[in-house]
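Since the structure comes first, as structure tokens, the remarks are kept for the end.
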Amino acid sequence: MDYLGLFSYSVTALAYFVLSLLLCTSLRGRSLGGLLLVATATTTIWAISVVWVNWHERWFLVDSLPIELLRSFVWLWFLSRLLAFTELQSRKLFRYGKSIVLSTGLILFCYELSPELQLWAQVYSQADWRIIGHLGVSIIGLFLLEQLYRNTQVSKRWAVKHIYLGLAATFAFDFILYAEALLYSHINLALWNARGWVLAFVVPLIGLSSARNPNWALEVFVSRRIIYSTSVLVITGLYLLLMAIAGFYIRDFGGQWSEVLLAVFITLATVSLLVLLLSAQVRSKFKVLVNKHFFHFKYDYRDEWLRLNNALVSNEPAEPLQQRCIRVMADTVDSPAGVLWQKNRKGVYRPVFAWNLPLPEDCYETLQGELIPFLLQKRWVINKHEYDDNKSLYDGIVLPEWFTQQTTHWLIVPLINHDDLYGFIVLSQPRAPRTVNWEDHDLLKMIGYQLTNYLALVDASEELANARQFEAYNRLSAFIVHDLKNLVAQLSLIVTNADKHKRNPEFIDDAIDTLSNAVAKMNRLLEQLRKGKVSGSAKALVDLNDLAAAAVKQQSNNQPAITLESASQPLKAVLDGEKMVSVLGHLLQNAQDATENTGWIRLRLTQDQHEAVISIADNGCGMDQAFIRDRLFKPFDTTKGNAGMGIGVFDSKAFVEGLNGSMNVTSVPGEGTEFILRLPLHLDQQEAGTKNMEDEQACQV
């Protein structure tokens with residue numbers, strides 16, 4: 001009985017069992033949470049099976065391999081579900097890869113459960129395919145983890161990095177275990193027993209990520225750039241090569257150093273993986289090395305263009321646009337920080353946003369300095385290292401102290417908008433020392449052009465939005481002035497007729513009613529000014545015949561006189577009565593203005609099924625079709641000069657259409673005009689109209 005393995009895997013089983021219980025109480029009804037629970041429960045069952053194998057001597061370690069394969073594929077399925085939340089799911093390799101992995105898992109599982117198939121494969125291939133299968137599963141797991149890490153937003157990695165590290169340690173240890181087993185044709189018992197402790201130590205990492213993602217929300221994984229990196233495959237290939245060389249060395253010269261070499265390999269593999277994933281400086285140096293010695297061009301311009309577009313159209317609310325612009329410029333040359341300078345309305349360039357750097361204070365640049373004219377004329381990328389080595393390359397200009405005296409500053413990239421300097425971006429020193437050649441300069445300037453156009457477009461959009469707000473206020477003012485004009489007209493009639501009728505009691509009553517109406521309207525205007533928008537009175541059930549009579553009375557002092565033909569029955573409608581009188585009064589006023597004093601104006605009300613029909617006709621000057629089509633209903637377009645606002649007919653039509661009605665105009669120049677308003681009647685009025693129509697039809701029959 002192997003007590004060391006028995007104890008280590010007992011601890012593993014207990015740890016994953018406790019984690020499974022915690023997941024049952026913390027994860028809330030999401031498919032990812034359920035899949036994670038299945039993975040931890042399967043790991044618990046597998047650890048119990050290993051304990052059972054160690055307890056009973058008639059069982060062997062290989063008897064637990066089928067359950068281990070099931071455990072591994074459940075974890076792979078969990079990782080593939082996470083990867084499905086990135087844009088990699090749209091790639092054919094990803095879609096077909098899931099099917100290939102699933103079918104491979106079924107084949108390997110059937111192979112594990114079939115001793116006859118194992119014997120046949122070992123006879124004809126001289127290899128243990130179970131070990132090869134477990135080795136391939138560990139490589140797939142590491143590959144999926146690398147893709148997940150690379151395609152997870154930097155701001156979201158804090159929530160998932162621990163489970164990534166934990167599963168990476170699990171699959172890396174499995175890879176080392178089965179790589180050595182493939183080399184020596186047997187499983188190393190010491191590594192097998194140590195794996196139990198490693199898996200137990202991984203449990204807190206998985207638990208911490210589960211606590212940070214109780215819902216495993218889909219928003220955690222958003223891919224910004226699609227990268228099929230092969231770092232895992234390269235590292236595993238090199239590791240297998242080194243293991244093979246070590247195996248030949250041990251076979252030829254003795255096996256005393258096998259444990260030492262194994263320990264060295266384990267340490268180097270773990271450290272290399274962590275350094276590769278976590279060290280931005282090492283990745284930057286590796287990138288410079290590859291660009292120098294393996295490619296004719298330093299950049300893949302298709303990737304650079306996609307990266308720029310993805311950064312500009314990103315809808316990440318937590319990242320301002322200015323920071324995105326600085327970051328996309330800085331990432332091009334592996335710079336970790338930068339500052340954006342922009343020109344204000346006075347032509348002064350000031351820092352407006354800083355990323356990973358303090359925002360400079362009391363610093364500005366103008367056309368009177370040497371920096372701005374140089375950037376405008378040359379459009380160069382200024383490199384501080386080049387400037388310090390040879391100032392003659394920059395025509396001997398003196399750069400400002402805020403740039404030369406800061407050791408962190410490195411490049412100044414101009415932002416050119418047509419023939420104007422929109423601003424510039426100051427980048428800090430790169431993570432790894434690097435030279436900047438013509439290709440870097442061209443790429444930085446190209447990115448600068450695109451960023452400038454985007455920033456200028458955003459500025460123009462903001463100015464347009466402000467202009468629309470001013471337009472809304474101007475429109476409000478126009479409506480208010482229009483109402484004031486009507487009020488002044490009413491009060492002017494009182495003043496004009498006061499000397500003639502001031503001793504007439506009826507005139508006094510009409511004057512008081514007019515003043516009361518004017519006060520009410522002015523109070524409403526003041527309320528509109530306080531609220532900043534036009535507001536109507538409350539709607540009520542009114543008779544359109546009464547409103548038409550009130551409108552005719554309001555215009556009774558003007559010429560020509562108006563003939564009112566009311567409907568034979570009440571026309572009930574739900575609307576703002578005061579506004580309706582104003583609409584009819586305005587249309588009647590227009591008819592009086594367009595008609596000679598000897599002419600005629602008729603206001604007729606009728607009912608047509610479920611609608612009230614209001615007709616305002618005159619024999620005035622009329623209008624042509626072009627005027628009706630292009631100008632009549634256009635706001636702020638008037639033929640009355642300074643006396644009109646050009647919004648009366650527009651406002652009237654908007655009011656009628658707001659009641660689900662319609663306004664139509666027929667006019668002939670020199671003959672006259674007719675406005676026809678159709679308004680829906682109240683439901684009771686509609687039923688009454690329907691009944692009257694039925695009675696009329698019955699009488700006709």
Side-chain angles (χ1 to χ4, degrees), residues 482-483 485-486 489-490 493 542-573 575-609 611-625 627-629 631-635 637-640 643-681:
H482 181 268
D483 290 344
K485 180 175 70 69
N486 293 335
Q490 293 180 7
L493 289 175
V542 295
D543 188 353
L544 295 178
N545 290 317
D546 296 338
L547 300 182
V552 171
K553 182 180 179 181
Q554 178 179 299
Q555 301 298 129
S556 61
N557 293 319
N558 298 329
Q559 294 296 326
I562 303 171
T563 302
L564 175 62
E565 299 179 9
S566 300
S568 58
Q569 70 279 357
L571 299 179
K572 301 290 186 179
L575 47 80
D576 180 357
E578 183 180 352
K579 181 67 175 178
M580 188 65 197
V581 172
S582 177
V583 167
L584 294 177
H586 178 79
L587 296 177
L588 292 172
Q589 177 69 49
N590 286 349
Q592 289 175 324
D593 292 340
T595 307
E596 299 290 339
N597 292 340
T598 58
W600 57 266
I601 299 174
R602 183 188 68 243
L603 174 58
R604 177 186 297 170
L605 288 85
T606 57
Q607 180 177 349
D608 182 11
Q609 295 184 356
E611 292 181 328
V613 181
I614 303 175
S615 170
I616 300 175
D618 63 71
N619 64 342
C621 61
M623 300 173 287
D624 57 26
Q625 294 300 315
F627 182 87
I628 295 175
R629 182 182 64 250
R631 298 186 60 187
L632 179 61
F633 298 106
K634 185 178 181 181
D637 186 359
T638 180
T639 58
K640 300 179 182 179
M645 297 300 299
I647 61 172
V649 180
F650 168 78
D651 187 31
S652 300
K653 184 178 182 182
F655 174 75
V656 172
E657 291 179 348
L659 298 173
N660 294 325
S662 63
M663 177 186 288
N664 297 313
V665 184
T666 58
S667 182
V668 178
E671 296 184 10
T673 303
E674 182 180 14
F675 281 83
I676 299 178
L677 283 64
R678 290 180 173 270
L679 295 172
L681 295 172

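Remember, predicted model here, so these are calculated numbers, not experimental data.
- R678 pairs by the side chain to side chain donor-acceptor pair (under 3.5 Å) definition with D608, E611, not counting sequence neighbours.
- Taking CE of M623 as the reference point, atom OG1 of T666 lies at 8.5 Å (rounded to 0.5 Å).
- For the atom pair NZ (K553) and CD1 (I562), the distance works out to 14.0 Å, reported to the nearest 0.5 Å.
- For the side chain to side chain contact (heavy atoms under 4.5 Å, CB included) test, residues two or more places apart in sequence or in another chain that qualify with V656 are M663, L677, L679.
- The salt bridge (Lys or Arg N to Asp or Glu O under 4.0 Å) test applied to R602 returns no partner, not counting sequence neighbours.
- The line from CG of L587 to NZ of K653 is 12.5 Å long, rounded to the nearest 0.5 Å.
- Among all heavy-atom pairs drawn from A551 and G585, the shortest one is CB-N, 4.1 Å.
- With sequence neighbours left out, the side chain to side chain donor-acceptor pair (under 3.5 Å) criterion links E565 to R604.
- For N664, the side chain to side chain contact (heavy atoms under 4.5 Å, CB included) partners are S662, not counting sequence neighbours.
- For the pairing with I614, the side chain to side chain contact (heavy atoms under 4.5 Å, CB included) check across I676, L603, V583, T606 returns one residue only, L603.
- Among residues two or more places apart in sequence or in another chain, the salt bridge (Lys or Arg N to Asp or Glu O under 4.0 Å) test is passed with E596 by none.
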| task | Would you please test L681 and Q607 for side chain to side chain contact (heavy atoms under 4.5 Å, CB included) and show each step? | result | CA-CA 9 Å; L681 295 172; Q607 180 177 349; 3.6 Å; yes
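- What you find for L564 and A549 is that their closest heavy atoms are CD2-CA, 3.8 Å.
- For S667, the side chain to side chain donor-acceptor pair (under 3.5 Å) test picks out T673, with sequence neighbours left out.
- Nearest approach of D543 to K572, heavy atoms of both residues: CB-NZ, 4.1 Å.
- Scanning all heavy atoms of the two residues, the minimum distance from T595 to W600 falls at CG2-N, 4.0 Å.
- By the side chain to side chain contact (heavy atoms under 4.5 Å, CB included) test, A567 is found to be paired with N545, L571, L605, residues two or more places apart in sequence or in another chain being considered.
- Going from atom CG of D593 over to atom CG of D618 covers 10.5 Å, rounded to the nearest 0.5 Å.
- Applying the salt bridge (Lys or Arg N to Asp or Glu O under 4.0 Å) test to pairs two or more places apart or on separate chains, none has a residue in residues 660-671.
- Under a 3.5 Å cut-off, the side chain of Q555 and the backbone N or O of Q592 do not form any donor-acceptor pair.
- The two residues G599 and P560 come nearest to each other via the heavy atoms O-CB, 3.5 Å.
- Among residues two or more places apart in sequence or in another chain, the side chain to side chain donor-acceptor pair (under 3.5 Å) test is passed with E674 by S615.
- Of the inter-residue distances, the one linking H586 atom NE2 with I616 atom CD1 reads 10.0 Å to the nearest 0.5 angstrom.
- Rounded to the nearest 0.5 Å, atoms CG (L547) and CD (E578) are 11.0 Å apart.
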